[in-house]
Amino acid sequence: MPSKKVEPSQKDIKKILKEKHEIQNAKQIDINKKLFSDKFVIPVKGRISGRFGSQRILNGKQKRPHFGLDIAAKKGTHIFSPTNGRVKKIFDDLFFTGKTIIIDHGIGLISIFAHLDKINIEEDQFIQRGDLVGHVGMTGRATGPHLHWGIYLENTPVDPEIFIELGNEK
């Protein structure tokens, strides 16, 4: 990975701090009712390449644990909404996550989709489970094309696989 993505410059650190503030604002609870359905679908077909809580090592340096599920797929593979929600924020070029979408599922539950190549939705749009939201890419700090899917409940990271497993129990 390019060293500038592992050890950012002072200019990049300023950008990162500004982006962190914007993301924190987007994670605030806006919708006090449940929009999500009880059954979540996996947003993209592909190979699980990174699991929640795993230790990340970049260029030999330990970084914070991974707070999401990475699903490797070919660039351009369709990404679908795992459940209902409102598109809260779209970012075109975040330092770490590139093209990024934040979806508010209500009552403090949000999804973050990162490293996208293309985004097919707009801010404030209501979406349903299974709607096309974007395409797999490798923007930001990524070593290959994949979707990073993060879920947060009131600003606490939660393993997305829990929602898939709960929604698919018989």
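The first residue in the sequence is number 1, and the count goes up from there.
Following chains of ILVMFWY side-chain contacts shorter than 4.5 Å, one can reach I164 starting from I103, so the two form part of one hydrophobic cluster. Clustering ILVMFWY residues whenever any of their side-chain heavy atoms sit less than 4.5 angstrom apart, transitively, puts L153 in the very cluster that holds F36.
Counted by atom type alone, H115 and T97 present zero donor-acceptor pairs between their side chains at under 3.5 Å.
In this structure, F40 and H105 have perpendicular ring planes: the angle between them is above 60°, well past the 30° mark.
Counting non-hydrogen atoms of neighbouring residues, nucleotides and ligands closer than 6.0 angstrom, the NZ atom of K34 exceeds 12 such neighbours. By the neighbour-count criterion of 12 heavy atoms within 6.0 Å, atom CD of Q24 is densely surrounded, having more than that number from other residues, nucleotides or ligands.
Partners of K15 under the salt bridge (Lys or Arg N to Asp or Glu O under 4.0 Å) rule, at least two apart in sequence or in another chain, are E19. For N25, the side chain to side chain donor-acceptor pair (under 3.5 Å) test picks out H21, with sequence neighbours left out. Annotation: side chain to side chain donor-acceptor pair (under 3.5 Å) contacts of R86 (sequence neighbours excluded): D124. For K75, the side chain to side chain donor-acceptor pair (under 3.5 Å) test picks out no residue, with sequence neighbours left out. Scanning for side chain to side chain donor-acceptor pair (under 3.5 Å) contacts around E22 gives K18, with sequence neighbours left out.
A salt bridge is absent between K99 and D117: the closest approach of a Lys/Arg side-chain nitrogen to an acidic carboxylate oxygen does not fall below 4.0 angstrom.
Scanning all heavy atoms of the two residues, the minimum distance from A73 to V44 falls at CB-CG2, 4.3 Å. Taking every heavy atom of both residues into account, I90 and I121 meet most closely at CD1-O, 3.3 Å.
Sorted by first then second residue, the salt bridge (Lys or Arg N to Asp or Glu O under 4.0 Å) pairs that include residues 126-135, not counting sequence neighbours, number zero.
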